[in-house]
Amino acid sequence: MNRSIIAIVLVCLWLTGCNDRQTLKTSFTTYLTRVASVFDTAPPELSQPPALPPLPAQRTLQLSQPRVSAGLLDTLKLGECRLLTLVGEHNSPVGKSQQAGAVFMYHLQFQQGLNNCLSRSNDKALRSWLTDLQQQKAPLLPGFYWNMMVAEPEIRAALTPRQRPVMPDHRGFQATYNAFSLFAALQLLSQAPASTPDVNSDEFSERLSGLYNNDYLGELYYSLHSASHYLHQSLLFLSRLEQFNCGPAGKEDARRLRNAMEHYYIKDIQAQLTELDRHFVRLAPLLEQSLIPPPARQAEVAEYRHWYASGLNSHIYRRYRQLTLDHAKAWQRFLHRCDLPPS
């Protein structure tokens, strides 16, 4: 008996979560049903949005990095720079099995250690050796950063488009924003390691962990995509506004149409769209900066960047904005033609 009750409770919670995620679709259905009742016709049945372009496979995006090594005697010189412990940890069995994020952090911290050592040392021979090593390793840093963005499991999972919308409370946004704020900063640092401040490994781990089981970004993609899809279907149905009779016989129905739009679209749907818009606008520049590809991978990631990571010019956002504008204009034309002010 107890097991049955527990099973029923779990099913109810699961269904509630699913229903919470379908708020936007439900709102569009209600809106179009109310408008259709004034037209005395059946409302359109909203279809599922088409699939979104995926994140390309890791093997397609990852770069092969050359290895820079030194002999034992040369390596011992790193003791002067307090880098032997860092190098030892990286070359240990545990270090060799690290994920791409930890690998990038090692190379960034190593480069920072070289920079600090060069600024302190007065040993001419040591400075010459360190400068040569720095010049060999610094050009590799952007590649290690890129590999982190396309191979670190938590980051790949975050960047993957999902087939479900965000929750109404936008849970997961702040952790996503915190992580990509750091990634955008690290992308800049990887391009100019000689001027980088020290990076806190604990902060990196904390922000990366915020992406664990956090599909917010992929769900936000889907939410904008589905909003565009429902707006497009709504506009097809609302094309009948152009033929509506605004004469005396249609005045009452015209007011009913206006009221339906204001109550079900502006007060409900538009409020939800505003939240989607606001959250994407905050993330857009961070995504654009974080996912600047190396020349060797521009073609492979071009479609993904076009759709999601071109800032406010991202296709998924531009299409959504255009359709919200088209929807507003359709109603504006109707209200103007029927000489109806907003209520």
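Here the structure is a predicted model, which is why all the values come from computation and not from measurement.
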Engineer: Which pairs, with at least one residue in residues 26-62 and sequence neighbours excluded, count as a disulfide (SG to SG under 2.5 Å)?
Structural biologist: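 Every candidate disulfide (SG to SG under 2.5 Å) pair involving residues 26-62 fails, so no pair, neighbours aside, qualifies.
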Engineer: On the 0 to 90° scale, with breaks at 30° and 60°, tag the Phe104-Tyr145 ring pair as parallel, tilted or perpendicular.
Structural biologist: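 Phe104 and Tyr145: perpendicular rings.
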Engineer: Carefully, step by step, assess Tyr320 and Ile316 under the rule side-chain contact (heavy atoms from CB on, under 4.5 Å).
Structural biologist: CA-CA 6 Å; Tyr320 151 78; Ile316 199 168; over 6 Å; no
Engineer: To the closest 0.5 Å, what do you measure between OG (Ser314) and OH (Tyr221)?
Structural biologist: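 Rounded to the nearest 0.5 Å, the OG-OH separation comes out at 7.5 Å.
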Engineer: Take Val166 and Phe173 through the side-chain contact (heavy atoms from CB on, under 4.5 Å) test and state the conclusion after the steps.
Structural biologist: CA-CA 9 Å; Val166 296; Phe173 167 78; over 6 Å; no
Engineer: Hey, does the side chain of Ser205 reach the backbone of Asp202 with a donor-acceptor pair shorter than 3.5 angstrom?
Structural biologist: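 The answer is no, because no donor-acceptor pair under 3.5 Å joins these two groups.
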Engineer: Which residues pass the ring pair (Phe, Tyr, Trp, His ring centres under 6.0 Å) test with Phe244, sequence neighbours left out?
Structural biologist: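 Once residues adjacent in sequence are excluded, the partners of Phe244 under the ring pair (Phe, Tyr, Trp, His ring centres under 6.0 Å) criterion are Phe334.
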Engineer: Check the orientation of His225 and Tyr222. Use parallel for under 30°, tilted for 30 to 60°, and perpendicular for over 60°.
Structural biologist: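 Perpendicular: the ring planes of His225 and Tyr222 meet at over 60°.
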Engineer: Once the angle between the rings of His107 and Phe144 is folded into 0 to 90°, is it parallel (under 30°), tilted (30 to 60°) or perpendicular (over 60°)?
Structural biologist: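 Judged by the thresholds at 30° and 60°, the geometry between His107 and Phe144 is parallel.
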Engineer: Please report the interatomic distance CD(Gln135) to CG(Leu114), rounded to the nearest 0.5 Å.
Structural biologist: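 It comes to 11.0 Å.
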Engineer: Rounded to the nearest 0.5 Å, what's the gap from CD on Glu152 to CD on Gln98? Could you check?
Structural biologist: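 Interatomic distance, Glu152 CD to Gln98 CD, rounded to 0.5 Å: 10.0 Å.
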Engineer: Does any part of the side chain of Val281, heavy atoms only, come nearer than 4.5 Å to the side chain of Tyr317, both counted from C-beta?
Structural biologist: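 SC-SC contact between Tyr317 and Val281 confirmed.
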Engineer: Sub-3.5 Å donor-acceptor pair from the side chain of Asn147 to the main-chain atoms of Leu63, do we have one?
Structural biologist: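 Yes; judged by distance alone, with no hydrogens or angles, the pair exists.
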Engineer: Heavy atoms, side chains only, cut-off 4.5 Å: are Val150 and Arg297 in contact?
Structural biologist: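 They are not in contact (no side-chain heavy atoms under 4.5 Å apart), so the answer is no.
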Engineer: Under 4.5 Å between side-chain heavy atoms, counting indirect links through other Ile/Leu/Val/Met/Phe/Trp/Tyr residues: same cluster for Leu325 and Leu231 or not?
Structural biologist: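 No, Leu325 does not connect to Leu231 through the hydrophobic network.
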Engineer: My understanding is that only residues two or more places apart in sequence, or in another chain, count here; which of them pass ring pair (Phe, Tyr, Trp, His ring centres under 6.0 Å) with Phe204?
Structural biologist: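 Result, ring pair (Phe, Tyr, Trp, His ring centres under 6.0 Å) vs Phe204: none returned.
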Engineer: Going through the checks in order, is the side-chain contact (heavy atoms from CB on, under 4.5 Å) test met by Thr33 and Tyr264?
Structural biologist: CA-CA 10 Å; Thr33 298; Tyr264 295 101; over 6 Å; no
Engineer: Do Ile292 and Leu140 share a hydrophobic cluster (ILVMFWY, side-chain heavy atoms under 4.5 Å, transitive)?
Structural biologist: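 No; Leu140 is not reachable from Ile292 via cluster members.
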Engineer: With sequence neighbours left out, which residue pairs that include part of residues 266-291 fulfil the salt bridge (charged side-chain N to carboxylate O under 4.0 Å, His left out) condition?
Structural biologist: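 Non-adjacent pairs meeting salt bridge (charged side-chain N to carboxylate O under 4.0 Å, His left out): Glu275-Arg278, Asp277-Arg321.
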Engineer: Using every non-hydrogen atom in the two residues, find where His170 and Tyr216 come nearest and quote the distance to one decimal.
Structural biologist: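 Looking at all heavy atoms of both residues, the closest pair is ND1-OH, 2.8 Å.
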Engineer: With sequence neighbours left out, which residue pairs that include part of residues 262-326 fulfil the disulfide (SG to SG under 2.5 Å) condition?
Structural biologist: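 Listed once each, the pairs would be none.
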Engineer: Consider side chain to side chain contact (heavy atoms under 4.5 Å, CB included). Of Leu211, Leu286, Leu287, which one does Phe183 pass it with?
Structural biologist: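 That would be Leu211; it is the only one of Leu211, Leu286, Leu287 passing the side chain to side chain contact (heavy atoms under 4.5 Å, CB included) with Phe183.
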Engineer: Would you indicate whether the side-chain heavy atoms of Thr160 and Asp215 approach each other to under 4.5 Å?
Structural biologist: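 The answer is no; the side chains never approach within 4.5 Å.
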Engineer: Please check if the side chain of Ser190 supplies one atom and the backbone of Gln187 the other of a donor-acceptor pair under 3.5 Å.
Structural biologist: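 Between the backbone of Gln187 and the side chain of Ser190 there is a qualifying donor-acceptor contact (under 3.5 Å).
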Engineer: Should we count CG of Asp40 as having more than 12 external heavy atoms under 6.0 Å?
Structural biologist: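 At most 12 heavy atoms, drawn from other residues, nucleotides or ligands, come within 6.0 Å of this atom.
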Engineer: If you draw a 6.0 Å radius around NE2 in His336, do more than 12 non-hydrogen atoms from other residues or ligands fall strictly inside?
Structural biologist: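 It does not: His336 NE2 has 12 such atoms or fewer within range.
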Engineer: Atom CZ of residue position Arg82 - does it have more than 12 heavy atoms of other residues, nucleotides or ligands inside 6.0 Å?
Structural biologist: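 Not more than 12 within 6.0 Å, no.
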Engineer: Keeping the roles fixed (side chain from Trp331, backbone from Leu241), state whether a donor-acceptor pair exists under 3.5 Å.
Structural biologist: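 Checking the backbone N and O of Leu241 against the side chain of Trp331, no donor-acceptor pair under 3.5 Å is found.
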Engineer: To the nearest 0.5 Å, tell me how far Ile266 CD1 sits from Gln270 CD.
Structural biologist: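 If we round to the nearest 0.5 Å, Ile266:CD1 and Gln270:CD are 5.5 Å apart.
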Engineer: For atom CD of Glu206, decide whether the heavy atoms of other residues, nucleotides or ligands shown that lie under 6.0 angstrom number more than 12.
Structural biologist: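 At most 12 heavy atoms, drawn from other residues, nucleotides or ligands, come within 6.0 Å of this atom.
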Engineer: To the nearest 0.5 Å, how far apart are CG in Asn214 and OG1 in Thr176?
Structural biologist: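 Rounded to the nearest 0.5 Å, the CG-OG1 separation comes out at 4.0 Å.
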Engineer: Could you walk me through whether Val87 and Phe110 satisfy the side-chain contact (heavy atoms from CB on, under 4.5 Å) test, starting with their C-alpha distance in whole Å, then the side-chain angles of each, then the deciding distance to 0.1 Å, before giving a yes or no?
Structural biologist: CA-CA 8 Å; Val87 173; Phe110 185 87; 3.5 Å; yes
Engineer: Can you list every side-chain hydrogen bond (donor to acceptor under 3.5 Å, both in side chains) pair that touches residues 240-256, not counting sequence neighbours?
Structural biologist: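 Found Glu242-Arg333, Glu252-Arg255, Asp253-Arg256.
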Engineer: Quick one: salt bridge (charged side-chain N to carboxylate O under 4.0 Å, His left out) partners of Arg337, sequence neighbours excluded?
Structural biologist: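 Here no residue qualifies.
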Engineer: Can a donor-acceptor pair be found between the side chains of Gln109 and Ser201 at a distance below 3.5 Å?
Structural biologist: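 Indeed, the side chains of Gln109 and Ser201 share at least one donor-acceptor pair under 3.5 Å.
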Engineer: Only pairs at least two apart or in different chains count here, so list each disulfide (SG to SG under 2.5 Å) that has a residue in residues 254-324.
Structural biologist: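 For residues 254-324, and leaving out neighbouring residues, there are no disulfide (SG to SG under 2.5 Å) pairs at all.
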Engineer: Please determine whether side-chain hydrogen bond (donor to acceptor under 3.5 Å, both in side chains) holds for the pair Ser27 and Gln272, giving the CA-CA distance in whole Å, both sets of side-chain angles, and the decisive distance to 0.1 Å.
Structural biologist: CA-CA 9 Å; Ser27 296; Gln272 296 181 56; 2.9 Å; yes
Engineer: Among pairs that include at least one residue of residues 203-299, which meet disulfide (SG to SG under 2.5 Å), considering only residues two or more places apart or in two chains?
Structural biologist: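 Listed by first then second residue: Cys246-Cys338.
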Engineer: Checking Ser181 side chain against Tyr177 main chain: does a donor-acceptor pair fall under 3.5 Å?
Structural biologist: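 Yes, because the side chain of Ser181 sits within donor-acceptor range (under 3.5 Å) of the backbone of Tyr177.
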Engineer: Can you confirm if the aromatic rings of Tyr265 and His327 lie within a centre distance of less than 6.0 Å?
Structural biologist: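 Yes, they do, as the ring centres are separated by less than 6.0 Å.
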Engineer: Can you tell me how far the CG atom of Leu83 sits from the NE2 atom of His90, to the nearest 0.5 Å?
Structural biologist: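 The distance works out to 12.5 Å.
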Engineer: Quick one: do Leu159 and Tyr212 end up in the same hydrophobic cluster if we chain Ile, Leu, Val, Met, Phe, Trp and Tyr together by side-chain heavy atoms under 4.5 Å apart?
Structural biologist: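 In one cluster: no.
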Engineer: Taking all non-hydrogen atoms of both residues into account, name the closest pair between Ala42 and Phe237 and its distance.
Structural biologist: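 Taking Ala42 first and Phe237 second, the nearest heavy atoms are O-CE1, 3.8 Å.
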Engineer: Counting only heavy atoms from other residues, nucleotides and ligands, does the tally under 6.0 Å from CZ of Arg34 exceed 12?
Structural biologist: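 Result for CZ/Arg34: open.
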Engineer: Check residues 45-57 and write down every donor-acceptor pair under 3.5 Å in which the side-chain atom is one partner and the other belongs to a residue at least two apart or another chain.
Structural biologist:
residue: Ser47; atom: OG; partner: His229; partner atom: NE2; Å: 3.0
residue: Ser47; atom: OG; partner: Gln233; partner atom: NE2; Å: 2.7
residue: Gln48; atom: OE1; partner: Lys25; partner atom: NZ; Å: 3.2

Engineer: Okay, side chain of Asn115, backbone of Gln111: is any donor-acceptor separation there less than 3.5 Å?
Structural biologist: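 Flag set: sc Asn115 to bb Gln111 pair under 3.5 Å.
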Engineer: Under the rule for side chain to side chain contact (heavy atoms under 4.5 Å, CB included), what residues qualify as partners of Pro285, not counting sequence neighbours?
Structural biologist: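 Expected list: none.
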Engineer: Whether the side chain of Arg305 engages the backbone of Leu291 through a donor-acceptor N/O pair (distance < 3.5 Å, no angle test) should be reported.
Structural biologist: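 It does hold such a pair.
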Engineer: Please name the pair of heavy atoms, one in Val35 and one in Ala260, separated by the smallest distance, quoted to 0.1 Å.
Structural biologist: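 In this case the closest contact between Val35 and Ala260 is CG2-CB, 4.2 Å.
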Engineer: Quick check on Gln62: does its CD atom have over 12 non-hydrogen neighbours (other residues, nucleotides or ligands) under 6.0 Å away?
Structural biologist: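 Count over threshold, so yes.
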Engineer: Which residues pass the side-chain hydrogen bond (donor to acceptor under 3.5 Å, both in side chains) test with Tyr308, not counting sequence neighbours?
Structural biologist: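 Result, side-chain hydrogen bond (donor to acceptor under 3.5 Å, both in side chains) vs Tyr308: none returned.
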